[in-house]
Amino acid sequence: MNKILKTVILLIFTHGAFAQKLAEPTVSLPTFKKDTVSITAFGAISGGRHLNTESINQAIDQTHKKGGGVVLIPAGVWLSGPIILKSNINLHLAANALLQFTKDFSQYSLVQTSWEGIPQMRNQSPIWALNQQNIAITGKGVIDGNGDAWRMVKKAKMTETQWKKLISSGGVLNEKGDIWYPSQSSLKGASYKDPGLVEKGKNAQFYEEIKDYLRPNMILLEKCERILLEGVTFQNSAAWNIHPLMSADLTIRNINVRNPWYSQNGDGLDIESCKNVLVEQSTFDVGDDAICIKSGRNEAGRERGMPTENLWVRNCTVYHAHGGFVVGSEMSGGAKNLYVDNCTFIGTDIGLRFKTTRGRGGVVENVYINNIFMKDIPGEAILFDMYYEAKDPIVLSGEHREPPKVEFLPVTEATPQFKDFYINNVVCDGAAKALFIRGLPEMHIKNIQLTRLDMVAKEGIDIQEASNISLRDVKLQVEDASKQIAYILNSNDIKLHQLEVKNANIFHLQGERTSTVDVQGLMGAQPVIKADFGANKNVININ
């Protein structure tokens, strides 16, 4: 980022006028000819029983060859196999149009693409565009991926009645009897580690035998430019719902993204290695992360070297999801210049979620977040975690998790970094924990500035392996009076200024590397300092 622009933003942020003075996004919109053709002109038949794949693709092909325009899906129920979107096409769904993709897996070819940031074989996405420009999906209709036909389901995520009904529908169970798979092919795929990974020793027969396991992302827009998604409801995807990949100038507005809360990998919007992106006035209610920023996984992501950058998210609402606004965990190409403003998270597992792990590499930096409103968050309101595991953020019934083993490792290109985050004006009415920051011993999370927080949570502030963390003008009500205001482990340069606390009074320090903890303007608590496991009480200064 330009150093002058960064300085201006920081000054504006510090003085509390961030939302009003942040520059508007600079994202190019597509434009289209007004020529409109209905898919019925190419023989499409409504009713949900006739397969319209050929008719829809012919409508797109013919319109594309004539210089583009609008391909109309009228009111009705339209069954289809995979659709290939082409340059200068606006695929427009009229009100009361339902485009539903078939659950006949034979209609989906196996193709090489990217899944979770690495080269993989997958079933072809129901809507796919590659190397196209000036494309859109607009209207007031619904696109349904028929994802229930593809997805495995965990027993712990369903009621007993739902589980019995699912089993009676067919499919197979794993050996433990706690995960349902739609077919033997799907179950077989689950027995391999990274079964879709493109590597030596796997031939076409191998992938065909586990084809049902290789679930497609519903919308895949790969290496495209000038994209518009507007007005449509996108729901029930087999894996991720909307996946822009290595694309530029993407505008997403007024869309509704839905997946069942139990849907495995049921992300809403995964923006991977994209540049110049605006997401606004949209609603998410999904089974995994809602709005997620990615840039490739591990060595493959670092080799690609394409960060997600210049992104604006504003005026969005998230209901159920694993995270409201998320970065990671596949962020190996980095992410920078991210701006999030005026968003609401209601019942979301974690509100602001930044996750990575050793092996990823990549740098996430220059993140500006303002005006976030949350209610009934089962996990952390704000979370930074460099020990991410591919598990649900909320522990499932009967599940036991051990804390990660803490050890110093050498810093390499595979060591991830989180730094330079500026978060202002966050209100949270109910969370398990207000703030959780957990870095690595060899690579602290650095320079996180949080101002104007108003938080009600069962637990307070938890900072581990971090440096230069500043909290200013914070109201914290800890619902569990036995919990501490702040737990600080092997961290340094921690500033807690203008801190108003209710129902807690303990500052708990651990680790011999904890130093320089400055608490000023503490209100509502008579502080008690607890120090152990090598920590010294003298490193904390309370005024």
Are any non-hydrogen side-chain atoms of Gln120 and Asp194 less than 4.5 angstrom apart?
yes
Looking at Arg226 and Asp249, does any basic side-chain N land under 4.0 Å from a carboxylate oxygen?
no
Hey, is the main chain of Ser237 close enough, under 3.5 Å, to the side chain of Asn259 for a donor-acceptor pair?
yes
Looking at Asn174 and Ile179, would you say the former's side chain and the latter's main chain have a donor-acceptor pair under 3.5 Å?
yes
Side chains of Thr159 and Thr161, donor plus acceptor under 3.5 Å
no
If we ignore hydrogens and angles and just use 3.5 Å, is the side chain of Asp392 paired with the main-chain N or O of Ile394 as donor and acceptor?
no
Would you confirm whether Arg215, through its side chain, and Ala239, through its main-chain N or O, come within 3.5 Å as a donor-acceptor pair?
no
When you look at CG of Asn96, are more than 12 heavy atoms from neighbouring residues, nucleotides or ligands closer to it than 6.0 Å?
no
Has Ser247 got a side-chain atom pairing as donor or acceptor with Leu221's backbone, closer than 3.5 angstrom?
yes
For residues 125-137, the salt bridge (Lys or Arg N to Asp or Glu O under 4.0 Å) pairs (sequence neighbours left out) are none
Can you tell me if NZ on Lys202 sees more than 12 non-hydrogen neighbours from other groups inside 6.0 Å?
yes
Could you tell me whether the side chain of Ile39 reaches within less than 4.5 Å of the side chain of Pro74, counting heavy atoms only?
yes
So, taking the atom named OH in Tyr213 and the one named CD in Gln184, what distance separates them when rounded to the nearest 0.5 Å?
14.0 Å
Rounded to the nearest 0.5 Å, how far does CH2 of Trp180 lie from CD1 of Ile167?
10.0 Å
What closest approach, in Å, do Tyr388 and Lys391 show between heavy atoms, and which atom pair accounts for it?
OH-N, 4.3 Å
Note: Arg253-Glu230 ion pair, threshold 4.0 Å (strictly below):
yes
Side-chain heavy atoms of Lys355 within contact of Val326, under 4.5 Å
yes
Flag, side chain of Asn146 to backbone of Thr102, donor-acceptor distance under 3.5 Å:
no
Any Lys/Arg nitrogen of Lys176 or Asp178 sitting under 4.0 Å from an Asp/Glu carboxylate oxygen of the other?
no
For Lys223, does the NZ atom have more than 12 heavy-atom neighbours from other residues, nucleotides or ligands under 6.0 Å away?
no
Note: Ala432 and Pro378 closest approach over all heavy atoms is CB-O, 3.1 Å
Treating Asn241 as the side-chain partner and Gly266 as the backbone partner, does any N or O pair qualify as donor plus acceptor under 3.5 Å?
no
Tyr262 vs Lys154 side-chain heavy atoms within contact, under 4.5 Å
no
Would Val327 and Phe325 count as a side chain to side chain contact (heavy atoms under 4.5 Å, CB included) if you check the C-alpha gap in whole Å, the side-chain angles of each, and the deciding distance to 0.1 Å?
CA-CA 7 Å; Val327 177; Phe325 177 77; 4.1 Å; yes
Given side chains that start at C-beta, do those of Val279 and Cys316 come closer than 4.5 Å, heavy atoms only?
yes
Taking Asn298's backbone N and O only, do any of them form a donor-acceptor pair with Ser332's side chain (distance below 3.5 Å, no angle check)?
yes
Does Glu299 have more than 12 heavy atoms from other residues, nucleotides or ligands lying within 6.0 Å of its CD?
no
Are more than 12 heavy atoms from other residues, nucleotides or ligands located less than 6.0 Å from atom CD of Glu199?
yes
Testing the basics here: between Cys224 and Ala129, what is the closest heavy-atom pair and its distance to 0.1 Å?
SG-O, 3.6 Å
Going by atom types alone, do His322 and Asp289 pair a side-chain donor with an acceptor below 3.5 Å?
no
Got Gln62 and Val37 here, is their nearest side-chain heavy-atom distance under 4.5 Å?
no
Please step through side chain to side chain contact (heavy atoms under 4.5 Å, CB included) for the pair His92 and Thr36, ending with a clear verdict.
CA-CA 9 Å; His92 185 83; Thr36 300; over 6 Å; no
Taking the side chain as everything from C-beta on, heavy atoms only, tell me whether Val257 gets closer than 4.5 Å to Leu269.
no
What orientation do Phe384 and Phe421 show, parallel under 30°, tilted 30 to 60°, or perpendicular over 60°?
perpendicular
Counting N and O atoms only, with roles assigned by atom type, does the side chain of Arg360 sit under 3.5 Å from a partner on the main chain of Ser329, one being a donor and the other an acceptor?
yes
For Lys164, is the NZ atom crowded, meaning more than 12 foreign heavy atoms sit under 6.0 Å from it?
no
Closest non-hydrogen atom pair, Ile135 against Asn88:
CG2-N, 4.3 Å
Going by atom type alone, with no hydrogens or angles, which donor-acceptor pairs under 3.5 Å involve a side-chain atom of residues 186-193 and a protein atom two or more places apart or on another chain?
| residue | atom | partner | partner atom | Å |
| --- | --- | --- | --- | --- |
| Lys188 | NZ | Glu209 | OE1 | 3.0 |
| Ser191 | OG | Lys188 | O | 2.5 |

Under 3.5 Å, is there a donor-acceptor pair between the Asn370 and Asn425 side chains?
no
Enclosure of Lys433 NZ (heavy-atom neighbours >12, cutoff 6.0 Å)
yes
Under 3.5 Å: donor-acceptor pair, side chain of Lys211, backbone of Phe105
yes
When rounded to the nearest 0.5 angstrom, what is the spacing between CG in Asn256 and OG1 in Thr317?
10.5 Å
Measure the spacing between CD of Glu280 and CG of Asn254 and express it to the nearest 0.5 Å.
7.0 Å
Taking atom CD of Glu54 as the centre, does the number of heavy atoms from other residues, nucleotides or ligands within less than 6.0 Å exceed 12?
no
Does the pair Tyr319 and Thr283 meet the rule for a side chain to side chain contact (heavy atoms under 4.5 Å, CB included), with working shown?
CA-CA 8 Å; Tyr319 295 98; Thr283 301; 3.6 Å; yes
Tested for side-chain contact (heavy atoms from CB on, under 4.5 Å) against His320, the lone hit among Asp288, Thr348, Asp349, Ile346 is Asp349
Among Asp270, Asn217, Asp267, Thr113, which one satisfies side chain to side chain donor-acceptor pair (under 3.5 Å) with His243?
Asn217
Report the C-alpha distance between Glu309 and Asn366 in whole Å, list the side-chain angles of each, state the deciding distance to 0.1 Å, and finish with yes or no for side chain to side chain contact (heavy atoms under 4.5 Å, CB included).
CA-CA 10 Å; Glu309 58 182 318; Asn366 301 336; over 6 Å; no
Can you say whether the rings of Tyr108 and Trp150 are parallel (under 30°), tilted (30 to 60°) or perpendicular (over 60°)?
perpendicular
In short, Asn52 meets Ala44 closest at the heavy-atom pair OD1-CA, 3.1 Å
Does a side chain donor of either Asn276 or Asn310 reach within less than 3.5 Å of an acceptor in the other side chain?
yes
How long is the straight-line distance from CD1 of Ile382 back to CD1 of Ile423, given to the nearest 0.5 Å?
5.0 Å
Shortest non-hydrogen contact between Pro82 and Ser125, atoms and distance
CB-O, 3.7 Å
Rounded distance [0.5 Å steps], CZ in Phe101 versus OG in Ser80:
5.0 Å
Which residues share a salt bridge (Lys or Arg N to Asp or Glu O under 4.0 Å) with Arg258, sequence neighbours left out:
none
Heavy atoms, side chains only, cut-off 4.5 Å: are Asp104 and Leu51 in contact?
no
